Amino acid sequence: MKKIDVKILDQRIGKDFPLPSYATTGSAGLDLRALIEESFELQPGETKLIPTGLSIYIADPNLAAVILPRSGLGHKNGIVLGNLVGLIDSDYQGPLMVSMWNRSDKPFKIEVGDRIAQLVFVPIVQAEFNIVNEFKETDRGEGGFGHSGKQ
Ligand SMILES: O=c1ccn([C@H]2C[C@H](O)[C@@H](COP(=O)(O)OP(=O)(O)OP(=O)(O)O)O2)c(=O)[nH]1
Ligand SMILES: [Mg+2]
């Protein structure tokens with residue numbers, strides 16, 4: 001397994017709450033917790049930046065991490081991310097933050113240490129542009145945005 005440097009910014013991690021870990025052998029995501037001072041209600045339509053109590057330094061430019069909603073929270077409670085997806089650059093060393101958005105019409109209570117989102121490490125290819133006048137022809141060509149129909 002890949003080793004990633006982590007700083008524990010909130011001493012409740014490792015004491016009251018574990019470091020994020022994979023829940024099962026096949027898990028893709030590590031659940032991130034709300035390291036808030038006290039529980040609060042996220043109001044309908046409200047967006048709030050929540051600390052996770054951690055910073056990570058990925059270091060390898062061929063890796064990044066994405067913060068994704070948890071499907072249960074997103075589907076059942078309308079609790080998703082204010083930025084839809086969070087992207088963590090390999091050279092970022094600041095606190096890992098989760099933008100929580102209540103897109104539902106009901107307040108949602110968040111308790112200290114709740115698992116609010118998940119972190120997924122992904123491979124990255126950095127590209128440089130090669131300017132051309134014509135592309136090599138393909139079957140699709142410029143067709144897109146549903147041009148091939150539904151069935
Ligand atoms: O949900 C998120 C999204 C981003 N970040 C951190 C890590 C990321 O590397 C940095 C910058 O994110 P991004 O590039 O998406 O934001 P930006 O608005 O372009 O800010 P910047 O100008 O700092 O790049 O903020 C988080 O902690 N949580
Ligand atoms: Mg940026």
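Read the numbers this way: they start at 1 and go in the same order the structure lists the ligands and their atoms. All values derive from a computational prediction rather than experimental measurement.
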Identity and distance of the protein heavy atom lying nearest atom 1 (O) of ligand 1: Asn83 ND2, 3.0 Å
Test item: protein heavy atom less than 4.0 Å from atom 9 (O) of ligand 1: yes
Pairing of Asp31 and Arg70 as salt bridge, 4.0 angstrom limit: yes
Atoms of ligand 1 close to Pro95 [distance to a heavy atom under 4.0 angstrom, numbered from 1]: 27 (O)
Region of Ser99 engaging ligand 1 - heavy atom pairs below 4.0 Å: neither
From CA spacing to verdict: side-chain contact (heavy atoms from CB on, under 4.5 Å), Leu63, Ser90: CA-CA 6 Å; Leu63 285 180; Ser90 67; 5.5 Å; no
Nearest atoms (heavy-atom pairs only) where Lys2 meets Asp60: NZ-OD2, 3.7 Å
Atom 25 (O) of ligand 1 - nearest protein heavy atom and its distance: Tyr92 CE1, 3.9 Å
Minimum-distance protein heavy atom relative to atom 28 (N) of ligand 1: Met97 O, 2.8 Å
Nearest atoms (heavy-atom pairs only) where Gln118 meets Pro69: NE2-O, 3.0 Å
Check: Asp91 main-chain N/O paired with Asp89 side-chain donor or acceptor under 3.5 Å: no
Atom 18 (O) of ligand 1 touched by protein (heavy atom, under 4.0 Å): no
Contact partition for Ile67 relative to ligand 1, non-hydrogen atoms under 4.0 Å: side chain
Main-chain N/O of Arg12 paired with Asp10 side-chain donor or acceptor, under 3.5 Å: yes
Aromatic Phe40 / basic Lys48 pairing, under 6.0 angstrom, 45° off normal: yes
Donor-acceptor contact below 3.5 Å, side chain Arg103 vs main chain Gly74: yes
Ligand-residue contact atoms, ligand 1 with Gly86, heavy atoms, under 4.0 Å: 1 (O), 2 (C), 3 (C)
Side chain, backbone, both or neither: the part of Leu81 lying under 4.0 Å from ligand 1 by heavy atom: neither
Atom 24 (O) of ligand 1 - nearest protein heavy atom and its distance: Asp89 OD2, 4.9 Å
Protein heavy-atom partner closest to atom 15 (O) of ligand 1 - residue, atom, separation in Å: Leu87 O, 4.1 Å
Any Gly94 heavy atom less than 4.0 Å to ligand 1: no
Which residue and heavy atom of the protein sit nearest atom 26 (C) of ligand 1, plus the separation: Ile88 CD1, 3.5 Å
N/O donor-acceptor pair under 3.5 Å between Ser27 side chain and Gly29 backbone: no
